[in-house]
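The analysis underlying the following values was restricted to heavy atoms, covering all of them including side chains, and did not include hydrogens, waters or symmetry mates.
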Amino acid sequence: MEWTDGKFETRAGFRDCRCAFDPFRSERYDLIVGQQHVVIIGGGFAGIEAARGLGKAPVRVTLVDRRNHYLFQPLLYQVATAALNPSDIASPIRRILRRQRNASVILGDAISIDPKKKIVQLADGELAYDYLIVAAGATHSYFGHEEWMEAAPGLKTLEDAVEIRRRVLVAYEAAEREIEVDEIASWMTFVIIGAGPTGVEMAGALSEISRRVLERDFRKIDPSRARIILIEAGPRVLPAMSAESSASAQRQLQRLGVEVITDSPVTDIDDRGVTHGGVRTESRTVIWAAGVAASELGKSLGAELDRAGRVIVNQDLTVPGAEGVFVIGDLASIKSDGKPVPGLSPAAMQEGRHAAKNLARIIRGEPTLPFRYWDKGTLATIGKAAAVGDIGKLRVSGLVAWLMWLFVHIFFLIGFRNRFIVIVEWAWIYLRNDRGARLITGDVEPLLERGAKSENRNRMLVK
C-alpha cells in the first residue's frame with residue numbers, strides 16, 4: 001500500500017482496480033476490488049442517464065467529461081438572451097452523482113479510443129475499461145466553412161451562450177454611441193442562420209429583448225426598431241416539425257417583428273454581414289444555428305459512420321466489431337420502428353437508460369434488448385405565450401403550447417434550486433418584461449473593433 005495523490009492505493013492484481021481510503025475519516029470508498037469497470041465519456045443527457053442507470057449494478061463507473069458540469073442545453077438560448085444566468089441551467093456533475101457510491105468523476109478530455117486494448121486515450125493519460133459507453137455528443141458544423149466560426153458563433157456550451165449575450169448587448173451599446181446612420185443600422189441588425197428550434201427560439205427571444213425589455217434603457221437609439229432576421233436554407237422554419245406547426249411558428253415570429261427568410265442558403269459570412277441567396281445583409285451580430293457535427297471521437301472506434309459522422313450502432317446500441325462498447329446520444333445513428341431516432345434530449349436520455357440496462361444484462365449473462373424510441377412529442381417556444389408543439393397527432397400552438405413547454409423544461413431541470421430559480425425568473429420576465437442577467441463581461445474593445453471602418457473609429461462618439 002502506498003500514498004499517492006492524497007490517498008492510499010493498493011493493487012490487487014486486477015487491471016486498473018484500486019481500494020481508496022480517506023486518511024482523515026478512515027472510510028472505505030466505493031471502488032471495490034474485482035468489479036467490472038465501466039467508463040462513460042460525456043456528462044450530457046445520455047451520459048448522466050447511463051451513469052444513473054448503473055447505480056445499483058455491480059460495477060465501478062467512471063464518468064469522464066472535459067467540463068465539470070452537466071448542462072441543460074435546451075435553455076442555453078435563455079442565457080444567451082439574458083433571461084437566465086449560467087448557473088441556473090447547469091449543475092456540477094459531482095453533485096449529481098455524489099450519492100451514487102459506485103460512481104466517480106474525472107475531469108479530462110477524451111482524445112481517442114482503442115477498442116482492441118480497451119483503453120481511452122485522454123489528453124493527459126490513459127483510462128482502461130471493461131465496458132465503455134460513449135456519449136460525446138456533437139458540436140457546431142459550418143459545412144466546410146470553419147472560417148465563419150469567429151464571425152458567427154454557435155450555441156452549444158455555456159461559453160458560447162455568454163459570448164453571444166456579450167455580442168448582443170455590446171451591439172446596442174455600440175449603436176448608442178455611433179454617429180453614422182448606416183453604422184447604427186448595422187449594429188442593430190441581428191441575423192440568426194438556421195431555423196431549427198435553436199434558431200427560432202433565439203430569434204423570438206432577441207425580438208422580445210428589443211421590443212419589450214430594452215426600449216426604455218437607451219436615449220439615442222430606439223431598440224424596438226432593431227431588425228431580427230432569421231435565415232433558413234430550406235423552404236420552411238422548424239423543418240423537423242409538422243407543416244401546420246411550421247406555418248404557425250412563422251406567423252408567430254412575424255407578429256413579434258422577426259423577418260423570416262426561407263430558401264436562402266448562406267454563401268458567405270464576415271465581420272460586417274452575411275451573403276445569402278445572392279443578397280448581402282449588413283450585420284455586426286450573426287449567430288449560427290444551422291447545423292451540428294458528431295464528435296470526432298466516433299471515428300477512432302473504427303465503426304461505420306453515417307453522412308453526419310455519427311456511429312451506426314446495432315439495435316441494442318452496441319458498436320459492431322467493438323466488444324463492450326456502446327454509443328448513445330447525438331453520436332449514435334439508429335432507427336426505431338423504421339424511423340431515424342432524432343437528436344433530441346428525450347431520445348438521448350432514453351438511450352442512456354437503455355444502454356445501462358443492456359450493460360447490466362450482459363454482466364448477468366442475459367441477452368440484450370433492442371432500443372425503441374418513445375416519441376413524446378416536440379415543443380418549440382417562440383416568445384412569451386407563443387410556442388408550437390407536435391404531440392402525436394395533436395398540434396398545439398400559442399399559450400397552451402407555451403405552458404406545456406414551461407412545464408416540460410422545469411420538470412427536466414436537475415435540482416430543486418435550479419427549478420425554483422428558473423420559475424422565479426420566468427415569472428418576473430412574464431410580469432415585468434425585464435431580464436436581470438443583462439451583464440457584459442470581458443473586454444468589449446475587440447467586439448467594437450471587429451469589422452469597424454477605419455475612418456470611422458475615431459468618430460464613434462456621441463456629439
Side-chain angles (χ1 to χ4, degrees), residues 41-49 63-97 105-110 123 135-142 149-150 152-171 192 194 196-199 201-202 205-206 209 285-293 295 329-331 343-345 348-349 381 409-410 412-415 417-426 429 435-444 446-447:
I41 302 176
F45 290 108
I48 290 293
E49 288 300 314
L63 191 148
V64 183
D65 198 291
R66 63 166 64 96
R67 291 180 174 84
N68 80 326
H69 56 266
Y70 159 88
L71 176 64
F72 193 75
Q73 282 192 333
L75 291 182
L76 263 179
Y77 84 97
Q78 294 261 324
V79 176
T81 55
L84 298 173
N85 287 300
S87 60
D88 298 338
I89 65 167
S91 297
I93 296 173
R94 292 186 183 278
R95 178 191 293 171
I96 296 171
L97 298 178
V105 180
I106 291 179
L107 182 67
D109 189 6
T139 185
H140 314 297
S141 173
Y142 288 85
M149 186 181 301
E150 176 61 29
L155 188 59
K156 282 291 181 184
T157 67
L158 283 178
E159 292 85 354
D160 294 336
V162 171
E163 174 63 18
I164 290 173
R165 181 181 71 182
R166 197 163 70 99
R167 294 192 184 200
V168 168
L169 296 178
V170 165
I192 302 96
T198 299
E201 290 166 351
M202 276 295 302
L206 288 177
I209 285 178
T285 308
V286 181
I287 300 168
W288 184 263
V292 296
S295 167
D330 289 343
L331 187 55
L344 302 174
S345 54
M349 295 168 76
T381 184
H409 286 73
I410 288 292
F412 282 108
L413 274 174
I414 287 181
R417 174 192 174 278
N418 297 68
R419 294 189 183 106
F420 177 77
I421 290 178
V422 169
I423 288 173
V424 171
E425 290 285 352
W426 281 346
I429 292 169
R435 297 183 180 227
R438 300 200 308 274
L439 305 178
I440 299 173
T441 58
D443 186 5
V444 302
L447 292 181

- [ ] Measure the CZ-CD1 distance between Arg419 and Ile423 for me, rounded to the nearest 0.5 Å.
- [x] 9.0 Å
TODO: Mind checking side-chain contact (heavy atoms from CB on, under 4.5 Å) for Asn68 and listing every partner two or more places apart, or none if nothing turns up?
DONE: Leu107
TODO: Search all heavy atoms of Ala348 against all heavy atoms of Phe45 and return the closest pair with its distance.
DONE: CB-CB, 4.0 Å
Open item on the list: With a 4.5 Å cut-off on side-chain heavy atoms, are Ser345 and Gln73 touching?
Closed with: no
- [ ] For His69, check side-chain hydrogen bond (donor to acceptor under 3.5 Å, both in side chains) against everything at least two apart and list the hits.
- [x] none
Open item on the list: Would you say that Leu169 contacts Arg438 through its side chain, given a criterion of any heavy-atom pair below 4.5 Å between the two side chains?
Closed with: yes
Task: Taking every non-hydrogen atom, the tightest pair across Thr198 and Ala289 - done: CG2-CB, 4.1 Å
Open item on the list: Please give me the minimum heavy-atom distance between Ala46 and Ala135, naming the atom from each residue.
Closed with: CB-CB, 3.9 Å
TODO: Name the orientation class of the two ring planes belonging to His409 and Phe72 (parallel below 30°, tilted from 30 to 60°, perpendicular beyond 60°).
DONE: perpendicular
Task: Close side-chain approach of Ile106 to Leu63, heavy-atom, < 4.5 Å - done: no
TODO: Sequence neighbours left out, what pairs pass salt bridge (Lys or Arg N to Asp or Glu O under 4.0 Å) with at least one residue falling in residues 154-165?
DONE: Arg67-Glu159, Glu163-Arg166, Glu163-Arg167
Task: Side chains of Val422 and Leu413 in contact at under 4.5 Å (non-hydrogen atoms) - done: yes
Name each donor-acceptor pair under 3.5 Å that joins a side chain in residues 84-92 to protein atoms two or more places apart or in another chain, with its distance.
from, atom 1, to, atom 2, distance (Å)
Asp88, OD2, Asn85, N, 2.9

Task: Euclidean distance, Leu76 CG relative to Leu155 CG, rounded to 0.5 Å - done: 4.5 Å
Task: Partner set under side-chain contact (heavy atoms from CB on, under 4.5 Å) for Ala110, not counting sequence neighbours - done: Ile41, Val120, Leu122, Leu297
Open item on the list: Does any part of the side chain of Val64, heavy atoms only, come nearer than 4.5 Å to the side chain of Val105, both counted from C-beta?
Closed with: no
Task: Minimum-distance pair of heavy atoms, taken over all atoms of Leu331 and Gly137 - done: CB-O, 4.1 Å
Open item on the list: With heavy-atom distances below 4.5 Å as the criterion, would you say the side chains of Ile96 and Ile48 are in contact?
Closed with: yes
Task: Residues that Ala205 engages under side-chain contact (heavy atoms from CB on, under 4.5 Å), provided they are two or more places apart - done: Tyr77, Thr81, Arg435
- [ ] Indicate yes or no for a side-chain donor-acceptor contact from Asp65 to the backbone of Gly43 under 3.5 Å, with no hydrogens or angles considered.
- [x] yes
TODO: Kindly give the heavy-atom pair with the smallest separation between Ile93 and Tyr70, and that separation in Å.
DONE: CG1-N, 3.5 Å
TODO: Kindly compute the distance separating CD (Gln78) from OG1 (Thr381), expressed to the nearest 0.5 Å.
DONE: 7.5 Å
